[in-house]
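Lettering of chains follows the sequences in order, A, B, ..., and the numbering in each one begins at 1. Values reported hereafter were calculated over all heavy atoms of this structure, with side chains retained and with hydrogens, waters and symmetry mates removed.
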There are 2 protein chains.
Amino acid sequence: MPEKDPTTPRERYRTQVRAEVKEHAWEQIAESGASALSLNAIAKRMGMSGPALYRYFAGRDELITELIHDAYRSLADALGAASASGADVPGLAHALRGWALEDPHRYFLVYGTPVPGYHAPDEITAIASEMMALLLDAYAALVPDGAATPFGTHLEEHRGWADGHAAPPAALHRALSFWTRLHGVLSLELAGHFTGMGFDPALLFAAELDDLLERGGRSTT
Amino acid sequence: MPEKDPTTPRERYRTQVRAEVKEHAWEQIAESGASALSLNAIAKRMGMSGPALYRYFAGRDELITELIHDAYRSLADALGAASASGADVPGLAHALRGWALEDPHRYFLVYGTPVPGYHAPDEITAIASEMMALLLDAYAALVPDGAATPFGTHLEEHRGWADGHAAPPAALHRALSFWTRLHGVLSLELAGHFTGMGFDPALLFAAELDDLLERGGRSTT
DNA sequence: AGGTTTCGTTAGAAGCTATCACGGCGCCTG
DNA sequence: CAGGCGCCGTGATAGCTTCTAACGAAACCT
């Protein structure tokens, strides 16, 4: 017999339905993208009629916001798992690319074209800085101390986003480059801008990663 | 008195209306993004009723496709103008950033989240390779011959996208890095992922550009 | 067992894309 | 210059969407 559960049956049912809605939402996004996500279609696929879903989500916007949150959480978990099993900088890069290729639409939910009115809630910026902390950890273990670049000194005066992390400015700079460069390659690859060009995007990604390492990680001699 | 014009009055009227529709579309995109673009709203703003626009555009998709085309054209022209007035690699980078900041939504129309079913027509890939040619020109004038990177040799076997350009493989590699890295910074900046972090995105862009140059352009001693 | 809360329904308003049939104006030609 | 062909804009209509409102029924808690 089940242990005493502080959650009422109604609550459990509610969260279960919400999860099922999200599941259908992800399927629909995977086939047609987030812009084509339809509450009506989800409801019909679940065997109930349109407005029923408004008992569970305030509207389309709230559902999408929650999907974005879950996507962020999923990415942070993927990077966290890699980091926990001892991944270094290239390990994190590999985890990032794996996560991106696993579901391109999910990647674009996080890093794609922003919705005009949307402003990220604190919960999401917290996840973002959680990922940044992972990256800074990996770079702090790698960077010697770093010749101060002009941008590095600028960062030293604006390191609030590092959230008290003790990484040297050179590591901050490297982490930012890691982020922007790999996003650059991944974004263009997933958006299909490389299709028809013939070369292997994986090799371009690897080349960018090599460049990132050659430049920032010469301390582990 | 006007010179003899091979275009009939009807044709002129037609192209004029089409241009006006696009103008309103750009305004609407600038305030609410491309996903919120509404033929109906445009028609009303122009003082005519909904279905009238279907005389000028087959549908919403055709209008958006044409806006994307115009955006590509605009970017290629911006880069072309810079190139024509003697801009080198950093000059092209500056032109790119200027164009991007001028209208972020237009940037995302080109490089943002792709629409699921959409496949770029030949006309657009032609513009893309036109821009790539500009970039390759600038790099060919800069790169010595380049120590062959592994990815460089891979590119040598898959250089179809360079469209017969005589640039050495190192230049191809550098041009690709230019593209992906600057897109990485710009994309994250325009999407607002740097807001609240405190540092100046322009300096990060400049730092990435410096890195791009330091590595690829040491021939101009 | 009764009362309250929550669920799912149908109905409806407002918006959108897109198609159709119709009337009228404008352009080109005879 | 007048006739006729063709294009333009309209209203009506179908079908889709989000989202609100009111109602009945079911399930939960006391």
Side-chain angles (χ1 to χ4, degrees), chain A residues 1-25 27-29 31-68 115-118, chain B residues 1-2 4-29 31-68 115-118:
Chain A
M1 52 188 75
E3 193 64 18
K4 182 186 134 210
D5 196 340
T7 68
T8 70
R10 277 220 157 111
E11 265 179 80
R12 269 180 293 151
Y13 178 70
R14 186 178 176 77
T15 64
Q16 198 263 353
V17 170
R18 279 176 65 96
E20 192 175 342
V21 169
K22 283 193 201 173
E23 198 142 327
H24 284 267
E27 286 174 20
Q28 201 171 313
I29 282 181
E31 16 181 277
S32 312
S35 61
L37 190 144
S38 155
L39 287 189
N40 236 326
I42 293 177
K44 275 177 190 164
R45 266 190 188 85
M46 289 180 64
M48 37 190 205
S49 227
L53 291 197
Y54 286 81
R55 298 278 175 199
Y56 301 94
F57 295 92
R60 209 185 94 111
D61 278 8
E62 186 183 295
L63 174 56
I64 289 189
T65 298
E66 211 150 312
L67 293 176
I68 292 177
V115 252
Y118 182 80
Chain B
M1 50 189 75
K4 182 189 136 207
D5 198 340
T7 68
T8 71
R10 279 221 159 111
E11 263 179 81
R12 270 181 293 152
Y13 179 71
R14 187 180 176 76
T15 63
Q16 199 262 352
V17 170
R18 280 177 64 99
E20 192 175 342
V21 170
K22 283 193 199 171
E23 199 143 326
H24 283 268
W26 280 118
E27 287 174 18
Q28 200 170 315
I29 282 181
E31 17 182 274
S32 312
S35 60
L37 190 144
S38 156
L39 287 190
N40 236 324
I42 293 177
K44 276 178 190 163
R45 268 191 189 82
M46 288 180 62
M48 39 189 204
S49 226
L53 292 196
Y54 286 81
R55 298 277 174 200
Y56 301 93
F57 295 92
R60 209 185 94 111
D61 278 7
E62 186 183 295
L63 174 57
I64 290 188
T65 299
E66 210 151 313
L67 293 176
I68 292 177
V115 255
Y118 181 79

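- Note on A:Asn40: every side-chain N or O is 4.0 Å or more away from OP1 and OP2 of D:dC16.
- A:Arg60 has its CZ atom 9 Å from the C1' atom of D:dT18, to the nearest Å.
- Side-chain N/O atoms of B:Tyr13 include one lying less than 4.0 angstrom from OP1 or OP2 on D:dG9.
- B:Tyr56 pairs with exactly one of B:Lys22, B:Arg14, B:Glu20, B:Glu62 by the side-chain contact (heavy atoms from CB on, under 4.5 Å) rule, that one being B:Arg14.
- Distances were taken from every side-chain heavy atom of A:Pro51 (C-beta onward) to each of D:dA21, D:dG9, C:dC20; the shortest belongs to D:dA21.
- Whole-Å rounding puts the B:Leu37 CG to C:dG15 P distance at 17 Å.
- If you measure from atom OH of B:Tyr54 to atom C1' of C:dA18, you get 5 Å, rounded to the nearest angstrom.
- Rounded to an integer number of Å, the gap from A:Lys44 NZ to C:dT9 P is 12 Å.
- Taking the side chain of B:Ser49 as heavy atoms from C-beta on, and the options D:dT18, D:dT10, D:dA22, the nearest nucleotide is D:dT10.
- Separating the CD atom of A:Gln16 from the P atom of C:dC7 is a distance of 13 Å, rounded to the nearest angstrom.
- B:Leu39 has its CG atom 19 Å from the P atom of D:dC16, to the nearest Å.
- Residue A:Ala41 is the one, among A:Ala41 and A:Ala58, whose nearest nucleotide of DNA chain D lies closer to the 5' end (criterion: closest heavy atom).
- Side-chain contact check for B:Leu37 versus B:Leu67: some heavy-atom pair is nearer than 4.5 Å.
- When side chains are defined from C-beta on, B:Ile42 counts as touching B:Leu63, because their heavy atoms get closer than 4.5 Å.
- Note on A:Phe57: nothing from the nucleic acid sits closer than 4.0 angstrom, heavy atoms only.
- We find that CE of A:Met48 is positioned 16 Å from C1' of D:dA25, with the value rounded to whole Å.
- Remark: B:Arg18 engages B:Glu66 in a salt bridge, criterion side-chain N to carboxylate O under 4.0 Å.
- Atom P of nucleotide D:dG9 and atom CZ of B:Arg14 are separated by 10 Å, given to the nearest angstrom.
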